[in-house]
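Every chain is numbered from 1, with letters handed out A, B, ... down the list of sequences.
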Amino acid sequence: MSNPKTILHELLGEHQYPESEARYNVTPGQTSAVVIVGEDDSRCLTNMQWGLVPSWLKKPTTDHRMINARVETVGEKPAFRESVAHRRCLVPADGFYEWRKSAGGNQPYLIRLNKGAPFGFAGLWDRWRGSDGHVLKTFTILTTVANALVEPIHKRMPVILDRQQRDAWLLPWAGPEGIRQFCDPFPALAMETIPVSTYVNNPAHDSVKCVEAVPLSGRQTLF
DNA sequence: CCAGACGTTGTT
DNA sequence: GTCTGG
DNA sequence: CCAGACGTTGTT
DNA sequence: GTCTGG
């Protein structure tokens with residue numbers, strides 16, 4: 001999404017980052033850039049597909065891909081156990097979309113930090129190895145209860161981490177109690193919701209879904 | 001022991 | 001791979 | 001999540 | 001209605 005350099009500088013801290021051709025649109029099944037902790041304990045950027053495929057799956061079929069994991073229970077789920085202990089990641093973004101149901105049609109909203117400040121979603125990743133040796137890297141985004149701002153639109157929202165939490169999220173597993181600190185939704189006062197055009201409803205537009213692509217006037221307008 | 005699950009979102 | 005249910 | 005497909009024969 | 005693809 002917008003201003004990827006700023007996002008990456010924030011999320012990678014003092015570490016270097018590559019001028020990669022990474023995508024910054026996070027779309028199910030598509031590749032995007034995530035921040036992980038490398039072998040040498042430093043942060044690095046890696047491209048992965050959104051939709052976690054656990055290493056034990058026989059075949060990485062699309063219907064088993066998990067795009068979200070509930071933070072309240074992630075420590076107990078067999079599918080996420082290994083990843084939550086050893087493979088956490090940050091997903092750079094500057095907003096996300098939710099749809100408010102209504103009789104006249106679903107109204108999409110852009111939801112972001114005030115002024116569109118970049119942030120990181122809490123994520124998990126995994127490696128799936130094919131019999132031919134090729135490796136598929138995938139990730140999932142954690143969700144929690146919606147805060148007071150988002151709740152009228154959608155009951156759940158992604159786990160957004162502030163600067164302090166980002167560092168904590170990338171630390172090694174400290175038992176299931178260590179997960180609780182990430183269960184609270186990001187503060188409503190630090191966020192804004194903006195009604196946007198139904199242009200974003202069309203998956204064909206995923207590659208151009210970004211702040212600049214959407215009218216921010218607050219009125220539902222078709223392009 | 002073996003077989004089968006292992007997940008989330010939303011339900012105009 | 002690892003856990004649960006039968 | 002939403003949009004769009006949803007099928008078979010036979011294969012220069 | 002239900003599944004797949006984005």
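The side chain of R81(A) has dC3(C) as its nearest neighbour among dC3(C), dG6(E), dG7(B). Picking from dG7(B), dC3(C), dT9(B) the nucleotide with the shortest atom distance to the side chain of T143(A) gives dT9(B).
Nucleotide dG1(C) holds its P atom 12 Å from the CH2 atom of W56(A), rounded to whole Å. The CD1-P distance, from I67(A) to dT4(E), rounds to 15 Å in whole Å. One can place CD of E82(A) at 13 Å from C1' of dC3(C), the figure rounded to the nearest angstrom. We find that CZ of R65(A) is positioned 16 Å from C1' of dC3(E), with the value rounded to whole Å. As rounded to whole Å, 17 Å separates atom C1' of dT8(B) from atom CE of M157(A). Here the C1' atom of nucleotide dG1(C) and the NZ atom of K77(A) are 17 Å apart, to the nearest Å. Whole-Å rounding puts the Q49(A) CD to dG6(E) P distance at 11 Å.
With P as the reference atom, dC6(D) and dT9(B) are 30 Å apart, rounded to whole Å. For the P atom pair drawn from dT8(D) and dT4(E), the interatomic distance equals 15 Å after rounding to whole Å. Rounded to whole Å, the C1' atom of dA5(D) lies 30 Å from the corresponding atom of dA5(B). Taking atom P on both dT2(E) and dG10(D), the two are 32 Å apart, rounded to the nearest angstrom. Here the separation of dG7(B) from dG6(E), taken at their P atoms, is 26 Å to the nearest Å. If you take atom C1' in dT12(B) and the same atom in dC1(D), they sit 15 Å apart, rounded to whole Å.
Aromatic ring pairs are classed by plane angle as parallel below 30°, tilted from 30° to 60° and perpendicular above 60°; the pair F121(A) and F119(A) is perpendicular.
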Can you tabulate the close N/O pairs, meaning under 3.5 Å, that link protein atoms to atoms of nucleotides 2-6 of chain D?
{"from": "dC2(D)", "atom 1": "OP1", "to": "K101(A)", "atom 2": "NZ", "distance (Å)": "3.3"}
{"from": "dC2(D)", "atom 1": "OP1", "to": "N106(A)", "atom 2": "ND2", "distance (Å)": "2.4"}
{"from": "dC2(D)", "atom 1": "O3'", "to": "N201(A)", "atom 2": "O", "distance (Å)": "3.3"}

